Amino acid sequence: MGAGSKAENEWPASKQDHQFNRRKEVRLRNLLAVMAAACLTTATHADVLKIGALATLEGTYTVLGEDGMRGLRLALSQAGNMAGGREIEIIIAGTDASPDSAVRAARKVVEQDGVDLVIGPLSGSEGIALRDYSKTQPHVTFINGISGAQETTFVTPSENFFRFNMDGAQWSAGLGEYIYNVKGYKTIATIAEDYSFTYTQVLGLAIGYCQAGGEITERIWVPLGTKDFASIIAALPDDVDALYLGLGGADAVNFLNQYQQAGGDAQLVGGTIMVDGTVLSSKGSAKNALIGVPSSGPQADTWDDPDWQAYIKAYQDEFPPDQRFPLPSLLATGYYNATTAALSCLNEVGGDLSDGQAAFRSCLSTLVLDAPNGQIRLDGNRQAIGTNFVSEVVELEDGTLATQLVDIVSDVNQTLGLDPDTFAAIGTPGREVPECKTSY
Amino acid sequence: MRRFARLHPWWSVWIAIATLVLLYLTFAIWPPWLIGLIGKKKLFLNSLFNGITLGSLYFLIASGFTLIFGLMRNVNLAHGSLYMMGGYIGYLIGDWTGYWLLAFPVAFMVVGLFGVILQYFVFRRMEGEDIRQTLVTIGISIVLADIMLWAFGGDFYNISPPSWLSGPIETIFVTGVKRSSGDLIYLKYPLVRLAIFAASLAIGLGMWLAINRTRIGMLIRAGVDDRDILSASGIRVQFVFVAVFAFGAGLAGMAGVVGGTFQSIAPGEDIRFLLASLVVVIVGGMGSIPGAALGAVIIGIAEQFGSVYFPTYAVVVTFLIMVLVLAFRPTGLLGRN
């Protein structure tokens with residue numbers, strides 16, 4: 001301290017004056033800010049309930065984030081923008097799929113805007129970061145948007161973090177058995193982005209596929225945001241029955257484009273976001289490589305269930321055709337479900353978030369959500385147990401691509417039906433985890 | 001060349017050895033021990049060619065960037081936005097008319113015209129104020145990115161090449177011998193990438209000729225050396241500036257069509273290619289066109305070899321090269337002191 005003040009005293013007078021002026025300026029600015037804030041708070045109604053929404057609105061996953069926000073808006077507009085007698089104000093903060101961007105956005109809505117509730121994030125590693133952040137903000141409830149890394153709710157779960165979507169491994173349920181038994185692919189190689197969500201997806205695939213008897217000969221991991229896949233395509237093994245592609249967004253489009261140019265003709269199997277609406281509705285011919293490709297995830301676009309069809313119609317009616325996808329993507333569905341869950345519990349407790357949101361949280365924990373993509377309930381870690389859909393990509397009459405249902409797996413829990421201890425012994429999903437074994 | 005050999009005998013020996021090794025690796029049928037050491041020849045050749053073709057895309061973008069910097073000392077941080085604009089325009093033209101080739105001149109002209117507007121209405125007004133120009137270009141790039149996001153949405157646009165250019169062709173390079181019959185296996189390579197490489201080579205040669213053999217090229221070279229003397233000797237230097245800016249912007253626009261064809265156009269690409277061209281010109285030397293070509297090929301090859309041989313650290317390689325160049329040759333490989 002002494003050294004610092006000494007140095008300050010030695011400053012030339014003009015600099016001191018300057019600093020004094022600056023301090024005065026800062027003080028004045030603070031005063032203005034406080035006044036402005038005071039005006040704002042008196043202007044808004046006291047009963048308004050603030051919800052922060054996080055989605056990837058920059059970078060590789062921009063389109064995915066945009067559709068997620070459509071799901072959230074749809075749920076709100078169906079509820080008339082009210083829940084538990086209180087009006088709802090949404091504050092959107094954009095992220096770029098990196099964990100630090102998610103934490104920055106969450107801090108903004110929680111610490112600056114003072115929201116009661118956060119809905120988001122979208123991407124796997126963001127979810128893990130927000131789980132940790134949520135522990136430092138016990139007075140705020142976090143409801144996951146659609147991020148699907150296993151760790152988020154399986155390893156050191158957070159009391160105030162709820163996830164109404166299944167994780168990446170649950171989204172793979174049924175796919176391994178289907179490609180082995182029905183498609184007859186005895187050996188596959190996987191090529192996927194190098195991060196937590198795709199690790200989780202490959203884990204889910206491997207547990208099903210290897211137990212059915214299949215063999216994964218090679219796992220290739222590429223950095224998220226890879227644009228030029230040409231050399232990776234050249235390095236793909238040609239002695240396997242099929243290639244599993246765990247890519248998403250722009251990466252998926254670039255891969256397919258360059259794969260076609262290189263004359264690739266292997267059988268493909270798609271990860272959940274590889275065959276999502278975001279890729280299936282991209283501009284250009286790259287996506288046509290996906291026709292006939294089997295995949296799995298939390299929805300099958302052309303499912304004939306009346307609730308699902310009603311949801312599709314609501315989505316199509318809510319947004320003009322040029323501002324949406326032909327069919328809601330799983331990201332829209334994820335945010336829609338998260339928002340619906342929040343709104344129905346807010347109604348249940350009459351908008352009462354007192355006592356550290358205890359009543360609201362206990363409602364969330366026991367809620368059985370009648371989602372358009374099947375019933376969802378939470379386990380002890382506040383992680384969804386739901387329905388998974390195995391599908392194949394088809395070309396619809398109007399030329400758009402969509403996923404068509406081939407199999408439904410209901411009541412998929414986070415341990416994929418394995419004994420919790422056995423499942424935990426497999427380890428956290430990673431580049432080499434799990435091993436490919438016929439029983440676990 | 002002889003002069004270079006006399007000045008740098010050791011460098012010449014190393015370059016000669018490297019060239020011979022590369023020629024051997026490219027044309028010989030690899031013995032088993034070599035395959036055991038560094039993997040299949042198919043992989044090596046593919047990475048090499050992909051690196052060169054990716055480098056030719058980088059060259060198209062970076063050459064305009066470096067030309068503008070060399071002449072006007074203007075670090076145009078909106079260069080990536082010009083690239084992206086060219087890509088979107090190329091998609092629209094290709095989609096409307098069905099002629100992929102038409103996309104190139106149209107993107108070149110529209111983006112070039114936009115460059116004229118930028119130079120005439122914005123940069124001319126703040127000539128010589130480097131920092132201010134740089135900050136303004138950042139502002140313009142942000143505004144352009146948002147306008148394009150508004151106009152085209154966040155979708156991924158992929159420009160389809162015509163059918164005669166899609167798919168692979170068999171090249172003259174041998175990748176191995178079939179064990180059963182003893183037939184030679186030839187490398188299959190995407191035709192569109194070869195076409196793009198040939199086009200960049202033609203553009204690069206054309207630029208070299210234009211700058212070294214024509215009157216306007218003479219003016220540009222004189223301007224790069226000493227702008228003030230050039231304008232003092234009665235040349236209307238503003239015309240040269242506008243022409244160079246338009247040409248550089250047009251090249252970036254054309255690169256956008258190329259990039260949209262063998263990759264895709266989406267929000268965020270502007271920043272990525274701005275960064276790539278910055279790295280390329282820093283490695284090659286700010287303001288030097290041969291430097292941009294050398295830097296582009298080095299960065300392209302490093303990225304592709306990195307993604308195959310050590311995928312986890314592929315991103316680091318590029319920046320490692322930049323660090324090494326900055327440490328030992330701060331002006332870039334072919335930059336002037």
Side-chain angles (χ1 to χ4, degrees), chain A residues 56-67 69 96-97 191 194 220-238 248-265 277-279 281-288 322-325 431, chain B residues 39-40 42-51 53-54 57 91 94-95 145 149 152-161 165-169 187-193 259-269 271-273 276 300 303-309 311-315:
Chain A
T56 51
L57 299 173
E58 292 165 43
T60 310
Y61 286 169
T62 308
V63 208
L64 288 69
E66 285 174 348
D67 206 45
M69 287 296 98
D96 63 10
I191 156 163
D194 197 8
I220 301 168
W221 303 101
V222 299
L224 186 62
T226 299
K227 302 297 169 196
D228 207 315
F229 283 94
S231 296
I232 294 159
I233 289 168
L236 292 176
D238 41 19
D251 295 6
V253 177
N254 285 337
F255 177 88
L256 292 171
N257 183 10
Q258 291 157 17
Y259 188 68
Q260 283 179 330
Q261 285 166 8
D265 53 2
T278 52
V279 176
S281 61
S282 65
K283 308 282 194 295
S285 59
K287 59 182 186 244
N288 292 338
D322 58 331
Q323 287 172 30
R324 59 165 168 84
F325 292 127
R431 292 184 184 136
Chain B
K40 287 185 198 156
K42 178 183 150 205
L43 205 56
F44 173 83
L45 273 189
N46 257 299
S47 311
L48 184 69
F49 289 177
N50 292 332
T53 46
L54 182 63
L57 171 61
Y91 174 81
D95 201 39
L149 184 61
F152 296 95
D155 282 345
F156 313 113
Y157 286 77
N158 146 243
I159 306 170
S160 312
L165 265 183
S166 54
I169 56 156
L187 177 76
K188 280 199 175 125
Y189 199 73
L191 188 56
V192 65
R193 289 184 86 110
T261 305
F262 79 91
Q263 300 187 355
S264 65
I265 297 285
E269 292 293 278
I271 307 291
R272 197 170 77 86
F273 277 96
E303 270 186 20
Q304 291 294 322
F305 274 94
S307 72
V308 170
Y309 290 101
T312 315
Y313 306 105
V315 192

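If you're wondering where the values come from, they're calculated on a predicted model, not measured in any experiment. Each chain gets a letter, A, B and so on, in the order the sequences are listed, and its residues count up from 1.
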Determine the option with the most heavy-atom pairs under 4.5 angstrom with chain A, choosing from Ser264(B), Gly39(B), Gly268(B).
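Option with the greatest count: Ser264(B).
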
Leading residue by heavy atom contact count with chain A [cutoff under 4.5 Å; candidates Leu191(B), Thr261(B), Ile271(B), Ile159(B)]
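Heavy-atom pair counts peak at Thr261(B).
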
For the pair [X] (side chain) and [Y] (backbone), establish whether a donor and an acceptor sit closer than 3.5 Å, ignoring hydrogens and angles.
{"X": "Tyr91(B)", "Y": "Ile265(B)", "answer": "no"}
{"X": "Asn50(B)", "Y": "Asn46(B)", "answer": "yes"}
{"X": "Gln258(A)", "Y": "Lys227(A)", "answer": "yes"}
{"X": "Tyr259(A)", "Y": "Ala286(A)", "answer": "no"}

Less than 4.5 Å to any heavy atom of chain B: does that hold for the side chain of [X], its backbone, both, or neither?
{"X": "Val222(A)", "result": "neither"}
{"X": "Asn257(A)", "result": "side chain"}
{"X": "Phe255(A)", "result": "neither"}
{"X": "Glu58(A)", "result": "neither"}

Which residue is it: Leu224(A), Asp96(A), Asp251(A), Thr278(A)? I am looking for the one with a side-chain contact (heavy atoms from CB on, under 4.5 Å) to Tyr61(A).
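The side-chain contact (heavy atoms from CB on, under 4.5 Å) with Tyr61(A) is passed solely by Leu224(A) among Leu224(A), Asp96(A), Asp251(A), Thr278(A).
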
Classify the side-chain pair Ser231(A)/Ser307(B) by whether it contains a donor and acceptor separated by less than 3.5 Å.
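Absent: no donor and acceptor within the cut-off.
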
Proximity breakdown for Leu149(B) and chain A, heavy-atom pairs closer than 4.5 Å:
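Contact with chain A: side chain only.
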
Is Glu269(B) in contact with chain A via its backbone, its side chain, both, or neither, using a 4.5 Å heavy-atom distance?
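The side chain, not the backbone.
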
